[in-house]
Protein chains: 2
Amino acid sequence: MIKVAVDMMGSDLGPEELAKGVLDYLAEDKEMEVIAVGDESRLGLFKGNPRIEIVDTKEVLPMETSVVKFLRAKNSSMYKAIELVKEGKAQAVVTAGSTGGFLTGSTILLKNVEGVKRAGFCSPFPTLVKGKSAYILDIGASNVNTAEELVGFARLGKIYAELIGGIKNPSVYLLSNGVEEGKGLDESKQAYAVLKQQKDINFKGNTEARDSLSGEKDVIVSSGYPGNIFLKASEGMALMMQTLIKRAFKKNIFSKIGYLMTKSGIKEMKETMDYKKTGGAILLGINGVAIKTHGNSNAKFFYYSMKLANKMVRADIVNVIKKEFATNQE
Amino acid sequence: MIKVAVDMMGSDLGPEELAKGVLDYLAEDKEMEVIAVGDESRLGLFKGNPRIEIVDTKEVLPMETSVVKFLRAKNSSMYKAIELVKEGKAQAVVTAGSTGGFLTGSTILLKNVEGVKRAGFCSPFPTLVKGKSAYILDIGASNVNTAEELVGFARLGKIYAELIGGIKNPSVYLLSNGVEEGKGLDESKQAYAVLKQQKDINFKGNTEARDSLSGEKDVIVSSGYPGNIFLKASEGMALMMQTLIKRAFKKNIFSKIGYLMTKSGIKEMKETMDYKKTGGAILLGINGVAIKTHGNSNAKFFYYSMKLANKMVRADIVNVIKKEFATNQE
């Protein structure tokens, strides 16, 4: 039996919406139990469910949270949810709440795996190869990272792509502003030199942001700030293109009929681009499975988050990371 | 009469292809003359044209160019083209060659306008508002910029958006990883504090990469490295979406008919996204109009580059920048 602590209060859409996603997943997976942390009066859907334990709290961690604020918010749903993992009562935590708060809380309560200098937020991206993801980290846990941290990200990403992505000997790249070895920020150039020497990492050199989602590139390593720009520029352009496509189909009566005829292909495209199916961003390198979903997560998104939590716990990823970093001290 | 120095050797597609673009533009604009720098034996199309002077050279600046290499390449087409602006024989230079070489050469030969700490590459981006561009700088002249340089970019971008984009009192934003004032890299936070105080800059705060191309945001200021990631991530995702759309239309016989019915709308979308029409990236802040087009520029791209050069010279943008930086010493 797997136990997942779920912060029910973090989404803009409210705990009622998230509860639906949790129930959808539990209906499918009889081997999971949930500790739902949140306002019990809004979790009527969970009532009487033998696989759901409710930890009642109405306090929500504010979006902008400092370390001090987090430590004072011991009764917040996010604090309590992370704490359940710390105490060994749950193996994973899922939240849609404050990213900064989640990062602070996970780092303080769960702590980094020994040998991990810095935990990184990792997110799968859609690629041109159907069903294949690229894993990019860090997408915003830090702003600036050292070369040593970047090498750590490469190792974390490699493990994640192997265990969760199911990719054998995943290719690892550094995000840069040119493919040549001398390109990029100083820390990236230094990391390049170290990564070249790592026999257990299938390091392939630099990749430009333009060519990163071809499907042949499995793990893409970046400092947090440019990684975040990469994520959001890609998201923004994907949304913009979707809007432009909608406009094209709405242009006149012919294009409207054209849409009907193209519908099944368009549906496939939408599915490729559906970030809800990713299950969220994963904080890699801490002692516990920690998943952060969008602030406006709906039931579908949470369903996939539960699924991802299950996959990560079953793969025993935290222990794999521990072993890997115990034997590879950069 | 306007004179433009054109480096004919920089494009992968060869001088013959670029020559077509130059001729297309000259046919339309009788008030422009061109000094074409390149291999005369490949510029047969220009023969006998009274408005084209050929400066014959076969030497091409290599893609990877250091300052020393550039200074030694005095016979290269790019060196000579930039030199023509320095000597006052041309008012603008257009090239498809090495970005690094162009940056080095323009900075060394033409020098920054007094008061400009650092020149920035600026590029127009398509937005959701039809016909409206957002102007983003720096997209890669530097990697890391100081707060002072970012404030300079804001001013350069403002002038460009006004004079060339035709936008009155353009809104200016800092690219960041959050909209709150405290978000972003240190230099960006410092620039924020200074920009708030500038009465002549319509500074609106931070923008995230995701929301930058809505059409309401006119100038977006960034350090060079994340600006470059923004540019290339956007390009990459736009290309990916276009590939996915093509796939959707090719899915079956119905979708193929659907395409035919949607064609005019799709054409509009393609036009919105057509980077060839931008004319290239502009190096702002140096003593001369300097335009860098894609390394694989074709005739159409060069046609628009010539058009842009004309617009920038007619707007007397270099002198406007000089005046602005003489009166606003940050």
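Just so we're on the same page: letters track the sequence lines, and every chain starts at 1. If you're wondering where the values come from, they're calculated on a predicted model, not measured in any experiment. These numbers come from the heavy atoms of this one structure, side chains and all, not from hydrogens, waters or symmetry mates.
- With a threshold of 4.5 angstrom between heavy atoms, B/Lys183 approaches chain A through side-chain atoms but not through N, CA, C or O.
- Scanning residues 132-143 of chain B against chain A with a 4.5 Å non-hydrogen threshold yields B/Asn143, sorted by number.
- For A/Ser223, no part lies near chain B; criterion is any non-hydrogen pair under 4.5 Å.
- Taking all atoms of both residues into account, the shortest heavy-atom contact from B/Ser176 to A/Tyr225 is CA-OH, 3.4 Å.
- Interface check for chain B: of the options A/Gly178, A/Ser214, A/Pro126, the most heavy-atom pairs under 4.5 Å are formed by A/Pro126.
- Considering all non-hydrogen atoms of both residues, A/Met237 and B/Ser234 come closest at CG-O, 3.2 Å.
- Ranked by non-hydrogen atom pairs under 4.5 Å with chain A, the options B/Gly236, B/Gly265, B/Ala209 are led by B/Ala209.
- The local environment of NZ in A/Lys204 is sparse, with at most 12 non-hydrogen atoms from other residues, nucleotides or ligands closer than 6.0 Å.
- Summarising the geometry of A/Leu128 relative to B/Arg247, their closest heavy-atom pair is O-NH2, 2.7 Å, with the distance given to 0.1 Å.
- Chain A forms the most heavy-atom pairs under 4.5 Å with one residue out of B/Leu185, B/Leu175, B/Asn228, B/Ile266, and that residue is B/Leu185.
- The distance from atom CD of B/Glu268 to atom OG of A/Ser255, rounded to the nearest 0.5 Å, is 10.0 Å.
- Interatomic distance, CG of B/Leu213 versus CE of A/Met240, reported as 5.5 Å (0.5 Å rounding).
- Residue B/Lys251 touches chain A through its side chain alone, counting heavy-atom pairs closer than 4.5 Å.
- Between chain A and the residues B/Lys263, B/Arg210, B/Glu235, B/Glu208, the most heavy-atom pairs under 4.5 angstrom are made by B/Arg210.
- A/Thr262 approaches B/Gly258 most closely through the heavy-atom pair OG1-CA, 3.7 Å.
- Chain A forms more heavy-atom pairs under 4.5 Å with one residue of B/Asn252, B/Leu260, B/Ile245, B/Leu239 than with any other, namely B/Ile245.
- Annotation: the span from A/Lys246 atom NZ to B/Met269 atom CE amounts to 13.5 Å, rounded to 0.5 Å.
- By a heavy-atom distance cut of under 4.5 Å, A/Thr272, A/Met273 are the residues of residues 270-280 of chain A near chain B, going up by number.
- Scanning both residues, A/Asn177 and B/Lys232, for their nearest heavy atoms gives O-NZ, 3.3 Å.
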Before giving the answer on side chain to side chain contact (heavy atoms under 4.5 Å, CB included), spell out for A/Met241 and B/Gln242 the whole-Å C-alpha distance, their side-chain angles and the decisive distance to 0.1 Å.
CA-CA 8 Å; A/Met241 292 294 290; B/Gln242 281 168 28; 3.7 Å; yes
